[in-house]
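Single-structure report; data block below.
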Protein chains: 2
Amino acid sequence: MKLQLQIKMNEALYLKNPESSDLGKNILKHSVQLIYKAGFEAFTFKKLAENIGTTEAGIYRYFENKHKLLVYLTAWYWGWLEFQISFQTNNIADPAIRLKKVINLLATAVEDDEQTSYINESLLHQIIITEGSKAYLTKQVGEDNKQQFFKPYKDLCAVVSVIISECSPEYKYPKSLASTIIEMAHFQNFFMNNLPSLTDFGVAKEESEISAFLNDLVFTSLGKG
Amino acid sequence: MKLQLQIKMNEALYLKNPESSDLGKNILKHSVQLIYKAGFEAFTFKKLAENIGTTEAGIYRYFENKHKLLVYLTAWYWGWLEFQISFQTNNIADPAIRLKKVINLLATAVEDDEQTSYINESLLHQIIITEGSKAYLTKQVGEDNKQQFFKPYKDLCAVVSVIISECSPEYKYPKSLASTIIEMAHFQNFFMNNLPSLTDFGVAKEESEISAFLNDLVFTSLGKG
DNA sequence: TATTTTTGATAGTAATACTACCATACAGAA
DNA sequence: TTCTGTATGGTAGTATTACTATCAAAAATA
């Protein structure tokens, strides 16, 4: 039996559900590839349409604009990651071990997940590192947040902060530490590859070093260093 | 005697030095105001020109495009901040006290500095929080970095990492901890005001809490908690 | 077969991101 | 005083972007 992982997406993110048709799935697939290759600024619906072999108007039937599409992709990613985390930390009793596992999942490149054929998780991970924060670093954060566009991100952060509190109930900043871990897992990766003097990983450029740094940061903060 | 603080800017950032003429200074002044009000995405040279009372072509004589202008403003900000830090931590012998001072400067809103009449540092600080990372989260990071556009940011990071190492010479991740502090001083501020559930400061919304969090994070990591 | 959904194709508009060119005003040097 | 360079103003024009609207054909479904 083949299981199909379906991530429930916020309906306000799209005009027509891209998972409901071939063209929609193609839009997701090719937008990941194109944003990865060209970067979000240079990415346009026209180029995407040419890539797919359809027309601009076709894309606009699914997404209002490229910002919504980016928010969709990030929401999908965080939803997918939360599933990975809950799956891979299932049945682990010790919260410290769970937390270590979470840090590894955040900081380590993901392999493409065969379960979702139309999204390449490995490329999407790279996109989130470079473009992810642009989803909320805008003037419309407030409205976007009201429409719950960032719920998957906030949910993931809440999951991590709960584990932190389980590790150390008296720690005063579980949520801020959780968002710090999540953001830094990505930023340190970006810095390592693009502005290496901002990190201590410029020589080896290994993701395992980012994990080690974050583990050190977290567990000394929680008094379990 | 009135001292004029002049920050030496990378010449590749502009076509004509904006500090060398009235129009140039007006471009800096109004671009800070306009980006603050409209956000970087909605900011255009046309609107800026209308704001100043000049023409689009006039702006293009100074800056190649709005990305370069953003990089200019961020570089200016980091240069200015490094000066503030070196000035305000001057003659403080204890590196731990210096580090606390640095964290406060990073996390606390700045007052407008009268010394530089054409740039409102307080608004610029808000811009850097929301738009600052867009200066390097692009496909051209590599080339921009080769041209030394991010030198002020990297210099600041180096200054902070040196203080960290003075506090605790055996600590293994001084650079990554430095970039973490700098980024998180801004991100936690943004989250506090826009996505408060990602932080522990949603109720009081005080910048002093961000300082407290960062101090706790840093000094426990350095074994001085 | 009838009907709804999906897609393809074309056209058009307003705004954005520039480049080019010419005229003028003014400051300092010869 | 004239010459020269610098700073600015104004106008035009182009390619691309970001959309909206409309119509017809094809495909899926009832």
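As the structure is a prediction and not an experimental result, all values here were calculated from the model. Per chain, numbering begins at 1; letters A, B, ... match sequence-line order.
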Worksheet item: Which residues pass the side chain to side chain contact (heavy atoms under 4.5 Å, CB included) test with Glu183(B), sequence neighbours left out?
Response: Met184(A), Phe187(A), Phe191(A), Tyr136(B), Tyr153(B), Phe187(B)
Discussion item. Tell me every residue that passes side chain to side chain donor-acceptor pair (under 3.5 Å) with Thr199(A), counting only those two or more places apart in sequence or in another chain.
Written reply: none
Nucleotides 4-8 of chain C: which of its N/O atoms have a protein N/O under 3.5 Å away?
unit_1	atom_1	unit_2	atom_2	d
dT7(C)	OP1	Leu23(A)	N	3.3
dT7(C)	OP2	Tyr62(A)	OH	2.3
dG8(C)	OP2	Thr54(A)	OG1	2.7
dG8(C)	N7	Arg61(A)	NH2	3.4
dG8(C)	O6	Arg61(A)	NH2	2.7

Discussion item. According to side chain to side chain contact (heavy atoms under 4.5 Å, CB included), who are the partners of Lys205(B), at least two apart in sequence or on a separate chain?
Written reply: Met192(B), Asn193(B)
Practice prompt. Can you sort out the partners of Asp155(A) under side chain to side chain donor-acceptor pair (under 3.5 Å), two or more places apart, ordered by chain and number?
Written response: Lys151(A)
Fill in: Results of side chain to side chain contact (heavy atoms under 4.5 Å, CB included) for Tyr60(B) - residues two or more places apart only
Phe45(B), Glu56(B)
Worksheet entry | Residues that Ala212(A) engages under side chain to side chain contact (heavy atoms under 4.5 Å, CB included), provided they are two or more places apart | Tyr173(B)
Practice prompt. Not counting sequence neighbours, list each pair that qualifies as a side-chain hydrogen bond (donor to acceptor under 3.5 Å, both in side chains) and has a residue in residues 38-53 of chain A.
Written response: Glu41(A)-Lys134(A)
Worksheet item: Can you pull the contact range of chain B along DNA chain D, 5' to 3', using atoms under 4.0 angstrom from its heavy atoms?
Response: dA7(D) to dT11(D)
Worksheet item: Out of curiosity, Ile103(B) CD1 to Ile181(B) CD1, how far, rounded to the nearest 0.5 Å?
Response: 4.5 Å
Scan nucleotides 13-16 of chain C against the protein and return all N/O pairs shorter than 3.5 Å with their distances rounded to 0.1 Å.
none

Worksheet, complete the sentence: So the side-chain hydrogen bond (donor to acceptor under 3.5 Å, both in side chains) pairs with at least one residue in residues 138-148 of chain B (sequence neighbours excluded) are Thr138(B)-Gln140(B), Asn145(B)-Lys154(B)
Worksheet item: Roughly how many Å is it from CD1 in Ile59(B) to P in dT19(C), rounded to a whole number?
Response: 14 Å
Worksheet item: For the pair made of CZ in Phe45(B) and C1' in dC18(C), what is the distance, rounded to whole Å?
Response: 10 Å
Worksheet item: Tyr62(A): what forms a side chain to side chain donor-acceptor pair (under 3.5 Å) with it, not counting sequence neighbours?
Response: Ser21(A)
